[in-house]
Amino acid sequence: RLLSLARFSFIKAFPRRFDDDVIAELRGFLDPEGYSPFWEAVGSKFFQRDYYTADVLSGIGEKDFIEALLPEFPIYVDLLPFSAQDCIGKVHPQTEPALKILLREGFEKTDEVDIFDAGPIVRARREKLRTWSALRRARIRLVPSLPETAQVCLVTNLSLDFRASLVAAASVTGDILTVAPEALAQLEAGEGQEVHYMPL
């Protein structure tokens, strides 16, 4: 979950690097043996590659083969085997926790699916993301130690050498976030430097 929150925090820190809409492609349904009914019914007929090879090529940005090989005309879902129809928009069992995190964050399901395994594609306006709204900007102030009432926060620096960490912080006064010295090493930030933070 921390990794997901850190990604959204990075978007908040550098909004011009991202589109207004944020999308996430989720891994589609595979059976326990790694068999994708949708891939076997659709993708394998056009790509002449196994599922994993096509997925890796797409994952590293080599996507030209997709447009070159896909048919120009619609594929009628009703003509597909039932096993392929049944997994359209369904996530892999191990991906269900990630889907729940995204939905809580403000993403919504769409009628789009991944071309390889028919996994769902979810979408959100970046300003509507829960993390975007919850993050606050403050300057770091150091104290030798924190009270027992210190609250755990997600804190990120505002550098492209991006760091995110769970940090115990004392109460925020104005735009000052009070932390112990060890937090600076985690964030590679200095006293007085601006950060984003979000109580958890």
Side-chain angles (χ1 to χ4, degrees), residues 1-32 34-43 47 49-67 69-70 74-75 77 80 84-136 153-166 196-200:
R1 181 169 181 258
L2 177 60
L3 184 57
S4 293
L5 294 178
R7 290 190 183 114
F8 302 139
S9 301
F10 186 82
I11 293 172
K12 171 83 171 188
F14 302 100
R16 292 183 180 179
R17 293 178 172 266
F18 298 91
D19 290 336
D20 292 339
D21 286 337
V22 182
I23 66 168
E25 299 177 358
L26 294 158
R27 188 179 185 193
F29 174 80
L30 304 176
D31 71 12
Y35 174 87
S36 169
F38 187 83
W39 173 263
E40 295 302 323
V42 179
F47 294 112
R49 291 179 169 93
D50 64 85
Y51 168 78
Y52 289 98
T53 301
D55 193 45
V56 167
L57 288 173
S58 176
I60 62 176
E62 295 186 17
K63 300 177 183 284
D64 292 345
F65 73 96
I66 299 175
E67 184 177 359
L69 297 176
L70 273 179
I75 296 171
V77 172
L80 299 177
Q85 295 182 40
D86 189 50
C87 67
I88 294 175
K90 186 182 295 185
V91 295
H92 189 282
Q94 294 178 357
T95 309
E96 289 176 1
L99 176 59
K100 290 178 182 178
I101 288 173
L102 292 171
L103 294 178
R104 283 199 303 267
E105 187 66 30
F107 282 79
E108 296 179 349
K109 293 181 178 180
T110 69
D111 58 0
E112 300 171 287
V113 296
D114 183 82
I115 188 60
F116 293 150
D117 57 20
I121 295 176
V122 294
R123 181 186 302 267
R125 297 288 289 182
R126 67 186 188 195
E127 292 84 359
K128 299 290 187 180
L129 293 174
R130 188 178 66 86
T131 298
W132 179 291
S133 300
L135 284 167
R136 299 289 180 263
C153 297
L154 172 71
V155 183
T156 71
N157 66 14
L158 301 179
S159 166
L160 284 175
D161 183 12
F162 190 72
R163 304 296 172 105
S165 181
L166 296 181
H196 276 153
Y197 76 96
M198 179 179 76
L200 297 180

- Message: Could you measure the distance from the OG atom of Ser165 to the CG atom of Leu2? Nearest 0.5 Å is fine.
- Response: 7.5 Å
- Contact summary for Leu5 and Leu200, nearest pair of heavy atoms: CD1-CD2, 4.2 Å
- Message: Students often mix this up, so state it plainly: with edges at 30° and 60°, are the rings of Phe116 and Trp39 parallel, tilted or perpendicular?
- Response: perpendicular
- Query: How many angstroms lie between atom CG of Asp117 and atom OG1 of Thr95, to the nearest 0.5 angstrom?
  - Reply: 8.5 Å
- Roughly how far, to the nearest 0.5 Å, is CZ of Arg130 from CD1 of Ile101? 10.0 Å
- To the nearest 0.5 Å, tell me how far Arg136 CZ sits from Met198 CE. 10.5 Å
- Message: Checking the side chain of Asn157 only, and the main-chain atoms of Arg163 only, is there a donor and an acceptor separated by less than 3.5 Å?
- Response: yes
- Residues Leu158 and Ala13: closest non-hydrogen pair is CD2-CB, 4.0 Å
- Item | Least distance between heavy atoms, His92 atom then Gly28 atom | CB-O, 3.2 Å
- Message: Tell me if the centroids of the rings in Phe10 and Phe14 come within less than 6.0 Å of each other.
- Response: yes
- In plain terms, say whether Asp21 and Arg126 are close enough for a salt bridge, that is, a side-chain N and a carboxylate O under 4.0 Å apart. no
- Task: Would you check if Phe107 and Val22 make a side-chain contact, meaning some heavy-atom pair closer than 4.5 Å?
- Result: yes
- Query: Between Gly106 and Ala124, what is the shortest heavy-atom contact and its length?
  - Reply: O-CB, 3.8 Å
- Item | Spacing of Phe38 atom CZ and Leu30 atom CG [to the nearest 0.5 Å] | 12.5 Å
- Message: Could you measure the distance from the CG atom of Leu102 to the CG atom of Leu26? Nearest 0.5 Å is fine.
- Response: 5.5 Å
- Query: Is Glu108 atom CD crowded by more than 12 heavy atoms from other residues, nucleotides or ligands, each under 6.0 Å away?
  - Reply: no
- Task: Evaluate the side chain to side chain contact (heavy atoms under 4.5 Å, CB included) criterion for residues Trp132 and Ile11: first the C-alpha distance (whole Å), next the side-chain angles of each, then the deciding distance (0.1 Å), finally the verdict.
- Result: CA-CA 8 Å; Trp132 179 291; Ile11 293 172; 3.9 Å; yes
- Task: Measure the shortest side-chain to side-chain distance between Glu112 and Arg123 over non-hydrogen atoms and say whether it is less than 4.5 angstrom.
- Result: yes
- Heavy-atom pair with the smallest gap, counting every atom of Leu80 and Gln85: O-NE2, 2.7 Å
- Query: Are any non-hydrogen side-chain atoms of Thr110 and Val122 less than 4.5 angstrom apart?
  - Reply: no
- Message: If you define the side chain from C-beta out and look only at heavy atoms, does anything of Ser9 sit under 4.5 Å from Leu135?
- Response: yes
- Query: Hey, are Ser4 and Glu105 close enough side-chain-wise for a donor-acceptor pair under 3.5 Å?
  - Reply: no
- Message: Tell me the closest heavy-atom pair linking Leu129 and Phe8, and the distance in Å.
- Response: CD1-CD2, 4.0 Å
